[in-house]
> 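Once you've had a glance at the structure underneath, I'll fire off some questions.
Owing to the predicted nature of the structure, the values given are computational and were not obtained by experimental measurement.
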Amino acid sequence: QLQLVESGGGLVQPGGSLRLSCAPSERILDWHTVGWFRQAPGKGIEGVSCHNYFGDDGTNSADSAKGRFTISRNMIADMVYLEMDRLNPDDTGVYYCAVSRTPYPGGCTLEAAKGQYSYWGQGTQVTVSS
């Protein structure tokens with residue numbers, strides 16, 4: 001069973017930055033799509049950003065995340081990251097990483113209900129407040 005563990009969350013002031021990490025329980029040699037999602041208090045899950053490594057190397061991001069959040073991967077460490085800049089209180093929530101080991105030529109999706117992502121982490125809390 002492949003499992004994902006997020007880390008790097010915490011309390012940060014508005015305008016600050018955080019880097020979230022996602023570590024797999026076993027080495028992944030066939031990364032295809034990586035997605036980051038979040039759930040604000042009392043709200044449903046929201047797709048933040050995703051990246052398709054196998055196909056067009058394209059990225060999809062929510063309007064609120066464009067230009068501020070970046071997905072990256074360290075192949076040697078076998079880790080994926082979400083780099084978040086210029087954080088604001090609306091970014092507060094539990095953040096989840098998700099991975100698909102199956103290629104999707106149409107690109108990655110920010111809609112979790114479509115079932116593209118087979119593996120999910122437990123989440124890490126991000127709180128943006130003064």
Side-chain angles (χ1 to χ4, degrees):
Q1 290 182 323
L2 174 64
Q3 297 181 341
L4 305 175
V5 179
E6 301 96 336
S7 62
L11 176 64
V12 62
Q13 292 186 336
S17 300
L18 282 176
R19 181 186 180 185
L20 306 182
S21 300
C22 181
S25 60
E26 60 187 51
R27 183 168 176 82
I28 299 177
L29 301 178
D30 56 346
W31 295 91
H32 292 308
T33 59
V34 176
W36 284 92
F37 299 80
R38 69 187 178 192
Q39 187 169 18
K43 306 297 182 180
I45 194 166
E46 174 190 16
V48 176
S49 186
C50 64
H51 191 88
N52 179 32
Y53 290 98
F54 178 81
D56 62 356
D57 202 31
T59 297
N60 288 327
S61 296
D63 289 341
S64 62
K66 290 180 179 178
R68 300 192 300 121
F69 293 4
T70 303
I71 293 176
S72 62
R73 177 182 63 173
N74 186 320
M75 296 186 66
I76 296 177
D78 204 25
M79 300 273 287
V80 295
Y81 309 94
L82 179 67
E83 299 172 349
M84 305 184 294
D85 297 318
R86 305 193 307 278
L87 289 163
N88 59 70
D90 290 336
D91 295 318
T92 294
V94 179
Y95 282 70
Y96 303 88
C97 67
V99 172
S100 173
R101 303 179 72 178
T102 301
Y104 289 89
C108 63
T109 180
L110 297 177
E111 300 180 29
K114 289 187 175 181
Q116 179 173 337
Y117 304 95
S118 300
Y119 307 96
W120 292 76
Q122 296 282 3
T124 184
Q125 176 70 44
V126 173
T127 303
V128 185
S129 176
S130 299

> Excluding sequence neighbours, so at least two apart, what forms side chain to side chain contact (heavy atoms under 4.5 Å, CB included) with E26?
L2, R101
> Search all heavy atoms of P24 against all heavy atoms of C22 and return the closest pair with its distance.
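Closest approach of P24 to C22, heavy atoms only: CD-O, 3.9 Å.
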> How would you list, by chain and number, every residue that makes a side chain to side chain contact (heavy atoms under 4.5 Å, CB included) with T59, sequence neighbours excluded?
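For T59 the side chain to side chain contact (heavy atoms under 4.5 Å, CB included) partners, ignoring immediate neighbours, are S49, H51, S61.
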> Residues sharing L110's hydrophobic cluster, by side-chain heavy-atom contacts under 4.5 Å among ILVMFWY, directly or via others?
none
> Enumerate the disulfide (SG to SG under 2.5 Å) contacts for residues 100-130, please, sequence neighbours excluded, ordered by first and then second residue.
C50-C108
> Indicate the atoms forming the closest heavy-atom contact of G107 with N52, along with that distance.
CA-ND2, 4.0 Å
> Any ring-ring contact (aromatic ring centres under 6.0 Å, His included) involving residues 62-102? Give me the pairs, sequence neighbours left out, ordered by first then second residue.
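Sorted pair list comes back empty.
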> Quick check against the 3.5 Å criterion: does R68 have a side-chain atom that pairs as donor or acceptor with the backbone of R86?
yes
> Supply the members, apart from I76, of the Ile/Leu/Val/Met/Phe/Trp/Tyr cluster built from side-chain contacts under 4.5 Å; use none for a lone residue.
none
> Can you name the salt bridge (charged side-chain N to carboxylate O under 4.0 Å, His left out) partners of D63, sequence neighbours left out?
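Listed in chain order: K66.
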> Do you know the tightest heavy-atom contact between G16 and V12?
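Taking G16 first and V12 second, the nearest heavy atoms are CA-CG2, 3.9 Å.
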> Can you list the residues that meet the side chain to side chain donor-acceptor pair (under 3.5 Å) rule with S17, with sequence neighbours excluded?
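Here the qualifying residues are D85.
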> Give every residue pair that meets the disulfide (SG to SG under 2.5 Å) criterion with at least one member in residues 57-94, sequence neighbours excluded.
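Disulfide (SG to SG under 2.5 Å) check on residues 57-94 returns no pairs.
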> Show me the side-chain donor-acceptor pairs of residues 115-125 shorter than 3.5 Å, one per line, residues at least two apart or across chains.
residue : atom : partner : partner atom : Å
Q116    : OE1  : T109    : N            : 3.2
Y117    : OH   : T109    : O            : 2.8
W120    : NE1  : Y117    : O            : 3.1
T124    : OG1  : G9      : N            : 3.3
Q125    : NE2  : T127    : OG1          : 3.3

> If a pair satisfies salt bridge (Lys or Arg N to Asp or Glu O under 4.0 Å) and one of its residues is in residues 118-130, list it, with sequence neighbours excluded.
none
> Do any pairs count as a salt bridge (Lys or Arg N to Asp or Glu O under 4.0 Å) and have a residue in residues 34-43, sequence neighbours left out, and if so which ones?
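Qualifying pairs: R38-E46, R38-D91.
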